Amino acid sequence: MKAKLLRVVMPMLLVFTLMSCSSEESESGTTDSKVVTEYSYDQDEMALVEVVNNYRASQGLSTLSLINHISYKSEEHNDYMIENNVVNHDYFNQRASNIKSVLGAVTVGENIAYNFSTANAALHAWLQSPGHKENIEGDYTHFGVSISINPNNGKKYYTNIFMKK
């Protein structure tokens, strides 16, 4: 009887042990507990920072401080969307959880856009969508941005993640 039970339990125990030892990873395979301090912004990304903050200021809202770690997480999501040929918020809960645990965020929001040629065009589209506009006008203190170009078709992917500390 004990031998039969052992033959049934041992394989399950082995599988559980192997699964419980894996590290938590983000979409790109990097560990989620490390703060990314370096991020290189291009001209388009800095334009996006400017138009979002200019819009917020025009509405009497505080401007948002840029955080490299959030921009890195935004870039990871752009890479995921390009690699999988999708435009969506897949794995947002993981990105939000990472930003909360690593940076101490209280709330996190996200806007994505696809195939807009300029930062102004992406902002205009977000402002036409109630949910995206709510994020832009939301009670946030910091944000990160990334604009990535799909090398196969030249289309731009935008991810803008907001957080409140």
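Computed from a prediction, not measured in an experiment: that's the story for all the values here.
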Does a sphere of radius 6.0 Å around NE2 in His124 hold more than 12 heavy atoms from other residues, nucleotides or ligands, not counting ones at 6.0 Å or beyond?
no
Smallest separation among heavy atoms of Thr159 and Met81, with atom names
OG1-CE, 3.6 Å
For Ala57, which residues count as a side-chain contact (heavy atoms from CB on, under 4.5 Å) partner, sequence neighbours excluded?
Thr63
If every non-hydrogen atom of Lys73 is compared with every non-hydrogen atom of Arg95, which pair is closest and at what distance?
O-CD, 3.8 Å
What heavy-atom pair brings Ser40 and Glu45 nearest, and what distance separates the two atoms?
O-OE1, 3.8 Å
Give a yes or no on whether the backbone of Tyr55 and the side-chain of Ser58 come within a donor-acceptor separation of less than 3.5 Å.
yes
Side chain proximity check, Ile67 to Leu103, heavy atoms < 4.5 angstrom:
yes
Does Gln128 CD have over 12 foreign heavy atoms under 6.0 Å away?
yes
Closest approach of Ile70 and Gly144, non-hydrogen atoms and distance?
CG2-N, 3.3 Å
Please walk me through it: do Tyr80 and Tyr91 pass ring-ring contact (aromatic ring centres under 6.0 Å, His included)?
CA-CA 10 Å; Tyr80 166 83; Tyr91 305 106; 5.3 Å; yes
Residue pair Ser71 / Tyr41, side-chain donor-acceptor N/O under 3.5 Å
yes
Tell me whether the count of non-hydrogen atoms from other residues, nucleotides or ligands lying under 6.0 Å of CD in Glu134 goes above 12.
no
Within the distance-only criterion (no hydrogens, no angle test), does the side chain of Asn150 pair as donor or acceptor with the backbone N or O of Asn152 below 3.5 angstrom?
yes
Do you know the tightest heavy-atom contact between Ile112 and His77?
CG2-CD2, 4.0 Å
Do the side chains of Phe92 and Val108 get nearer than 4.5 Å, heavy atoms only?
yes
Measure across Ile147 and Asp42 and return the closest heavy-atom pair with its distance rounded to 0.1 Å.
O-OD2, 4.3 Å
Do Ser62 and Arg56 have side chains that approach each other closer than 4.5 Å (heavy atoms only, starting at C-beta)?
yes
Less than 4.5 Å apart, any side-chain heavy atom of Tyr39 and any of Ser146?
yes
Regarding His69 and Asn98, do their side chains bring together a donor and an acceptor under 3.5 Å, going by distance alone?
yes
Flag if over 12 foreign heavy atoms under 6.0 Å of CD, Gln59
yes
Within the 4.5 Å heavy-atom criterion, are Phe143 and Lys164 side-chain neighbours or not?
no
Apply the test ring-ring contact (aromatic ring centres under 6.0 Å, His included) to residues Tyr114 and Tyr157: give CA-CA distance (whole Å), side-chain angles for both, the deciding distance (0.1 Å), then the verdict.
CA-CA 5 Å; Tyr114 168 71; Tyr157 287 73; 4.8 Å; yes
